[in-house]
Amino acid sequence: MSATSQGSRSEANVPRDVVHLPSGSALEYVLLHVSPESKKLAVCLHPWSWLGGQMNDPVLELVTGPLLDRGYNVLRYNSRGVGKSKGWPSFTGSQEVEDLRSLLQWAMSKIPGLSDLVILGYSHGSLIASMHPVLPDVTTSHIFLSYPLGPRHWLTAFRTHRYTAALQDLIREPRSNVLIVYGDNDNFTSVESYDAWAESLQTIYRATESNAPARYGKLEVVKIAGASHFWREGAAVRRLVEVIRDWVP
């Protein structure tokens, strides 16, 4: 069961297009509509463009399936400098963060009355996704898949603190819903480092929860046995699909 075969089952004849954003960026995207009535949107961010990341990454195609199953329109896009997207990728991710914000504003204009938003980042994409805040009046969820903890310092040109602080602030936000998924056989981050990091985030969440009785957000961390950074293992792939399908609102 390959990632490509699962995720692409609903993508036949879905055209790619380019959106020109007010910021001046032009980003190539594909938008899969689950139904005209759906008020749910999932935006998926690909791995680092400098190492070949792009919107049709097999892992993003894989996670598209369970999101569609749960009634989400799914938007995947090429970051600046990839495919037909214009511009030059940054080393710090700052321009990509602004592009995400502009793209989401555009996408929300296409789905009036948006009720649910999922921002899913895979690998480097999870760094960019973590910088986007919870939206007012929209149930906002973040999914971080194979967060690049080990190489984060050089993926962000040593601006690690900025991304660490943003993720911690997101965890503290009472309305945030955060799912973190990683494999215990990741190619770039040891399972010991992942486990310690996950515990530190859960400690932040528990402290915030005790001080905010009205909190209705959640944090869930899932470690998947046998999974590498690239999610090519059959049992791990099946578990990942199950976790996402069961978790999203």
Side-chain angles (χ1 to χ4, degrees), residues 2-36 38 40-68 72-112 114 116-132 135 140-146 148 155-157 229-231 244:
S2 70
T4 303
S5 65
Q6 280 205 19
S8 60
R9 71 186 190 280
S10 301
E11 298 186 27
N13 303 317
V14 176
R16 297 184 177 198
D17 205 346
V18 175
V19 56
H20 296 268
L21 301 172
S23 63
S25 298
L27 301 179
E28 184 181 19
Y29 71 92
V30 58
L31 178 58
L32 290 88
H33 291 281
V34 66
S35 76
S38 174
K40 295 182 175 184
L41 173 67
V43 180
C44 300
L45 288 76
H46 62 68
W48 206 31
S49 60
W50 290 99
L51 293 179
Q54 48 92 19
M55 67 180 181
N56 288 332
D57 182 280
V59 176
L60 291 190
E61 293 186 334
L62 167 69
V63 300
T64 294
L67 292 169
L68 291 171
Y72 283 82
N73 302 298
V74 178
L75 173 64
R76 300 200 310 263
Y77 71 98
N78 281 330
S79 64
R80 54 177 57 215
V82 179
K84 295 181 180 179
S85 293
K86 305 300 182 184
W88 191 255
S90 69
F91 285 105
T92 64
S94 58
Q95 292 175 319
E96 286 79 0
V97 169
E98 293 305 315
D99 288 344
L100 173 60
R101 290 177 179 172
S102 294
L103 182 67
L104 270 176
Q105 290 299 314
W106 168 81
M108 290 173 64
S109 73
K110 300 297 181 182
I111 307 176
L114 184 71
D116 295 84
L117 171 66
V118 169
I119 306 173
L120 184 152
Y122 165 45
S123 191
H124 179 267
S126 62
L127 292 171
I128 308 304
S130 71
M131 300 294 288
H132 199 284
L135 295 178
T140 307
S141 304
H142 291 74
I143 300 177
F144 305 130
L145 177 59
S146 297
L155 287 176
T156 60
H229 192 83
F230 303 104
W231 299 92
I244 292 176

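Quick note: numbers below take in every heavy atom, side chains included, and nothing from hydrogens, waters or symmetry partners.
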field: Verdict with reasoning, W231 to L145, per side-chain contact (heavy atoms from CB on, under 4.5 Å)
entry: CA-CA 10 Å; W231 299 92; L145 177 59; 3.4 Å; yes
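- Of all heavy-atom pairs spanning A107 and L75, the tightest one is CB-CD2, 4.0 Å.
- Taking all atoms of both residues into account, the shortest heavy-atom contact from P15 to V30 is O-CG2, 4.0 Å.
- A 4.5 Å side-chain heavy-atom check between C44 and L67 finds at least one atom pair inside the cut-off.
- Here the side chains of V19 and L21 are in contact, with some heavy-atom distance below 4.5 Å.
- Counted by atom type alone, S130 and H142 present zero donor-acceptor pairs between their side chains at under 3.5 Å.
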query: Can V34 and N73 be said to form a side-chain contact (heavy atoms from CB on, under 4.5 Å), step by step?
result: CA-CA 5 Å; V34 66; N73 302 298; 3.8 Å; yes
- request: Report the C-alpha distance between L104 and I119 in whole Å, list the side-chain angles of each, state the deciding distance to 0.1 Å, and finish with yes or no for side-chain contact (heavy atoms from CB on, under 4.5 Å).
  value: CA-CA 10 Å; L104 270 176; I119 306 173; 3.9 Å; yes
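- With E96 contributing its side chain and R80 its backbone, the two residues share no donor-acceptor pair below 3.5 Å.
- Scanning all heavy atoms of the two residues, the minimum distance from P89 to W50 falls at O-CZ2, 3.5 Å.
- Looking at S109, its side chain does come within 3.5 Å of a backbone N or O of W106 through a donor-acceptor pair.
- Formation of a donor-acceptor pair under 3.5 Å by the N78 side chain with backbone atoms of M55 is found in this model.
- In summary, of the residues considered (E28, Q54, H124, H46), a side-chain hydrogen bond (donor to acceptor under 3.5 Å, both in side chains) with S79 occurs for H46 alone.
- Looking at heavy atoms from C-beta onward, V43 lies in side-chain contact with Y77 at the 4.5 angstrom threshold.
- Side-chain contact check for Y29 versus D17: some heavy-atom pair is nearer than 4.5 Å.
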